[in-house]
Structures are given as C-alpha cells and as structure tokens.
Amino acid sequence: MGGTVALIVAAGRGRRFGGDLPKQYHDLAGRMVLRHTLAAFATNPQINAVRAVIHPDDRQLYDIAATGLPVLDPVDGGASRQDSVRFGLESLEALAPDRVLIHDAARPFVDAGTISRVIAALGEQDAVLPVVPVADTLKRGQDGLVIDTVSRDGLFRAQTPQGFRFERILAAHRATAGQELTDDAAVAERAGMRVALVAGAEDNVKITTAADLERARRLFEGAGEIRTGSGYDVHRFSEGDGTWLCGIKVPHEFGLLGHSDADVGLHALTDALLGAIAAGDIGHHFPPSDPRWKGAPSHLFLAHAATLIAARGGRIVNVDVTLICERPKVGPHRPAMTTRLAEILGIDQGRISVKATTTEELGFTGRREGIAAQATASVWLPR
Ligand code: MG
C-alpha cells in the first residue's frame, strides 16, 4: 500500500499510574485518553492507516475507545514495550507501508504540526525523533545533596511519534529483540541507524501518573471554551390521551397540538443546544412544512443537535429544562424524563436537570390552554 501508518502503543499496564485501570483507558474530558490519541491520527489526512497494539485483557475497553473511528483491528502486545512494538510492526508487514510513526497511547495531545514535521523529515531520513529542549538547569544529586551541575547543552527530551522507514525499523527491532530499550529511536540507534531531530511540541505531554492526568484535564479544558444556549417553546392542548414531555408520554386528559409529537420540552432543549453552537433553530433543521416530520418523535431532533455538537469535537456539559404548566403534574415523571434525556444525549444523568413550575393560574399556561418550556444548555467546544 505504501504511505504512512501510525502504530499506537497501548499495551502497557501503567505501573507508575496506580489502580486497576490502565491510564490510556481513563477519562479525559469525556473520552478515553486512547480515543483522543487514536482520533488524532485517524482524522489526519497524512496518515493512511492506524493500528493499536493492546494488552489482550483490554480488548473490551479498546473497542469502546475506538468506536466509530476508521482504524485497523488491534493486535496483542508482548511482555515489554519493545516486544509490543515489534509485534505491531510484524502485523503491518503485509500492508508494506513506506513509513511508520510509532506513538505512545498516553500522549493524547499530539498535534498535526509535529506529525507533519516528522513525516516531512522522513523524505530525507530513515529515522526521525521529535524533541523539545531542556529548559530547567540540570543537577546531579546524591544523598540529598547536589554533587554536580550538568550542562544542558545538546540535551533534549524525546517525544513521540517517532518516524521511520518501515523496512528499516522492522529490521532494527528484529535485530534488537529482548534488549529492553525504552524507545524506538534507541532501537534505531542500537541498529546503527542515524536518527534525525525535529521540533516536537511542549503540549505533547506523556501521561504517566495520576497527577499528569489531572494536569492533562486542565490543559484540555483550556483548549476549548464553554458556550451557552437557550431555548423556548409552547404547544397548545388539543384532544388526546396524554402529552409527550421530555421523551416520556405522560397520561393526561389532553394531548398537545403540533406537527411532530409536540414534545415541548425536547423542542426547547433542542433549540438550546443548537443555540450553544450557533447552528440555527429546530425549524431550520426540521421545517414544519416538510411532511417527513409529521408526527415525528422529537428525540430525533434532540439526537441531531447532539450529533452536530459531537461533529465539532464538542461535548455537552449540562442541560436544564423547565416545564411550565398547571397540569399534568410533572414531578412523578421527572426521574423517567432524566433517564430518557441521558439516553438520547449520551451523557450522565448528573448533567441533566428537569424542573417544573406553574404560573399561579395566570396567563395561557395558567388557563391550561397549553404548556411552555424553556431550556438552557452549556457545551464545551474546542477553540
Ligand atoms: Mg415546538
């Protein structure tokens, strides 16, 4: 096939991280660390294929992390990082790529600039290492005392993805199997390859400890912004035996009149989500003049808004719906409504609020002519 393949090394158990769950499967801003990493390569037009090397016990977790991403099936790793990479490279031999980028799953902030620089340098070089300079003064210590100040001239911190001509690094790994080298540039050096340096990125950090993950969460939050939207809707009572409210059919002596199922709560919430990402309103996406939406269940509208947010790399932070009516009584149905909204939006129930109020028998809701709903939604969007 030629081209460039990304090999993501995700087989580690993370002994320095603690706990039972390997660090690459922890949550980082609503997605697993590994999903961020896979997506960075799977959505990069310079990368032709992506394969992860995983621990066989983690297959179910991996499948969650990779859901919907265009990646090759994973392969099982070995006892050491070096074995895992070699197994991954062996599995790619049949594809015969020209270049391979080998990347740690625990570096979810890899940027397109670093990937580009590594690939560009592979035009001339067989092995390329992205690095960042050492900024701090280096000391050698012993028994709690400084014994030397070490010159940082010519010292760099090694990052990934490390890029290689595929045939050369596969041969190097075969030749050095069992030597417990800590990165693939070291494998290349040991095999006598010249390794070229290119600029990495300070944000391309490796998550090794629980404190790293906390710092990564702050970094991630800082890479985006919170947007807020509001929505409002009214539907009139008509003949019927119940009203759809927040995805639940609530028994009532009337129904609600509308082109779709007239779920006033879902309509207000859909508008709030669309508002948060400045994507128009529900009537723009689902015109009442279109016969396709006659009698349509309104969860389709809400799910569409959630899909638009996901397509922009965003996520829903929280939603808050207020239903305004004298009847039907909303309270007994609130838990079911919250559960249903969590299902439709794919977020935790703790991020969903459903409230109800009356207008003290004033106005159209007070006269029981219809139901009003208002909603607010907050959405995190990448900058
Ligand atoms: Mg409506």
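Both ligands and their constituent atoms are indexed starting at 1 by order of listing. Here the structure is a predicted model, which is why all the values come from computation and not from measurement.
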Next item on the list: Calculate, to the nearest 0.5 Å, the distance between atoms CG and OG1 belonging to Leu213 and Thr208 respectively.
Entry: 11.0 Å
Item checked: Value rounded to 0.5 Å, distance of CG in Asp20 from CZ in Arg13 -> 9.5 Å
Residue [X] atom name (nearest to the Mg ion (ligand 1); N/O/S):
X: His267; value: ND1
X: His235; value: NE2
X: Asp233; value: OD2

Checklist line | Min side-chain heavy-atom separation Arg117-Asp111 under 4.5 Å | finding: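 Side-chain contact under 4.5 Å: yes.
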Next item on the list: Please name the residue in the list Asp263, Asp241, Asp261 that meets the salt bridge (charged side-chain N to carboxylate O under 4.0 Å, His left out) test with Lys249.
Entry: Asp241
